[in-house]
Amino acid sequence: MAGAVHLVTAGLFLIGLQLTVLGFRTFFQPVIGLLLLALAFVMRPRPGRLDPDAPTVREGDAPALFALLHRTADIAGVRRVDAVQFTADFSVGVLHYGLRRRRCLVLGLPLWAASPPQQRVAALAQALGRSAPRNVRDGAFVGSALRSLTAGSRAVQEGEPSATPPRISAVALGAAAVADGARRFDARSRKSEWLLWIPRTVLAATARLLLWLTEPAARRALFKADDASARAASSQAALAALRDRRLARAVGVEMHRLAIEKRTIVEAPGPPAPQEDLWDLVHAHADRLRSQETPPPFGRDTPGAGPGSTGGDTYTLRIERLVRAPQHPATITLDGPGLARIRDELAGPRQTVARQVLRDGVQL
């Protein structure tokens, strides 16, 4: 299926190029060729790119952090990462960037700040394990096909209708001409939507089919990543890290509240540096949430997990596997000096992301 997507993209480019270059005997052939070239352009395979706005560290900048990442990658049996980027999301994952498909760990500082030390190791191992070659969705061939379909679907998606129709006063100057122009504009919009309906439907259906075909491999990759997490940080830490994903919404709300409070209520004398204590406050809030809640039953650990929810069913299976599997002790432990060194290395990214949070708030 991924090969068919790439072949169709190449065919659109070749046919569009031929119609554009050789079809000037008529008016419609170059127009159709340009449309096909535009569709081939948005569906082109493209390498991943690093976020230019996210702080990035290399091994020379953070040797203690990269030593932890290298040990975790070796236990997970995956290739080591080349860079680490920090974001304000409650997540962690691996991004392939460049033509050589270098690996970058995208680490959300809210997740890092909210997690105890061993759960940080478990979250890193889970993220690195998910990027193993067995996960075909993350591979160069199938992954690029999925990204092409997603980009193509966004390019031809249906425009949002206006909230309210324009109100034109009957006694206004040129009211009839304005009303007639609005009607013609709506008619042209409806025709263009009908023309885009076929490629939009085909792209969306193909993407869903490709996701369905790769679902078993993606689920096996998740299970293998959980096993790697249990071997690296201990089974209890892996289970706790997986269950802590339910804190994402509450931590985001608290970060948004802190950002508003810092900008509107707190006024410190002298040079302001309100971002320095943000992550300590997030850590304390996550500890309070853990102490107040009891683990919910299977299938209710994560928002959106319910009847008919594939993500929730997979989440429940992951929890059950970790509970019933043989328990592993921790292979990697983070002691006090190691945590202090990593904290010192991340001082710059912590302040940068905190300033971004206080400036832009949090998308909930």
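Here, residue 1 is the first one in the sequence, and each next residue gets the next number. Worth knowing before you read on, the calculation uses all heavy atoms, side chains too, and leaves out hydrogens, waters and symmetry mates.
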Contacts of Glu345 meeting salt bridge (charged side-chain N to carboxylate O under 4.0 Å, His left out) (sequence neighbours excluded), chain-then-number -> none
For Ser91, the side-chain contact (heavy atoms from CB on, under 4.5 Å) test, sequence neighbours excluded, returns Asp89
Sorted by chain and residue number, the side chain to side chain donor-acceptor pair (under 3.5 Å) partners of Ser144 (sequence neighbours excluded) come out as His6
side-chain contact (heavy atoms from CB on, under 4.5 Å) filter on Arg103, not counting sequence neighbours, yields Val78, Arg79, Val81, Asp82, Val94, His96, Leu128, Ser131
Exactly one candidate in Leu17, Leu36, Leu37 meets side chain to side chain contact (heavy atoms under 4.5 Å, CB included) with Leu12; the answer is Leu36
Sorted by chain and number, sequence neighbours left out, side-chain contact (heavy atoms from CB on, under 4.5 Å) with Ala217 holds for Val136, Arg220
Contacts satisfying salt bridge (charged side-chain N to carboxylate O under 4.0 Å, His left out) that involve residues 114-127 (not counting sequence neighbours) are none
By salt bridge (charged side-chain N to carboxylate O under 4.0 Å, His left out), Asp227 pairs with (sequence neighbours left out) Arg321
Taken in chain and number order and not counting sequence neighbours, the residues that satisfy side-chain contact (heavy atoms from CB on, under 4.5 Å) with Ala284 are Arg288
Closest non-hydrogen atoms of Gly33 and Leu19, given as atom of the first, atom of the second and distance, are CA-CB, 3.8 Å
Applying salt bridge (charged side-chain N to carboxylate O under 4.0 Å, His left out) to Arg318 and not counting sequence neighbours gives Asp226
Sorted by chain and number, sequence neighbours left out, ring-ring contact (aromatic ring centres under 6.0 Å, His included) with Phe66 holds for His70
Joining Ile, Leu, Val, Met, Phe, Trp and Tyr whenever any side-chain heavy atoms lie under 4.5 Å apart, the cluster holding Tyr97 also takes in Leu50, Leu95, Val106
Residues at least two apart in sequence or cross-chain that pass salt bridge (charged side-chain N to carboxylate O under 4.0 Å, His left out) with Asp51, listed by chain then number, are none
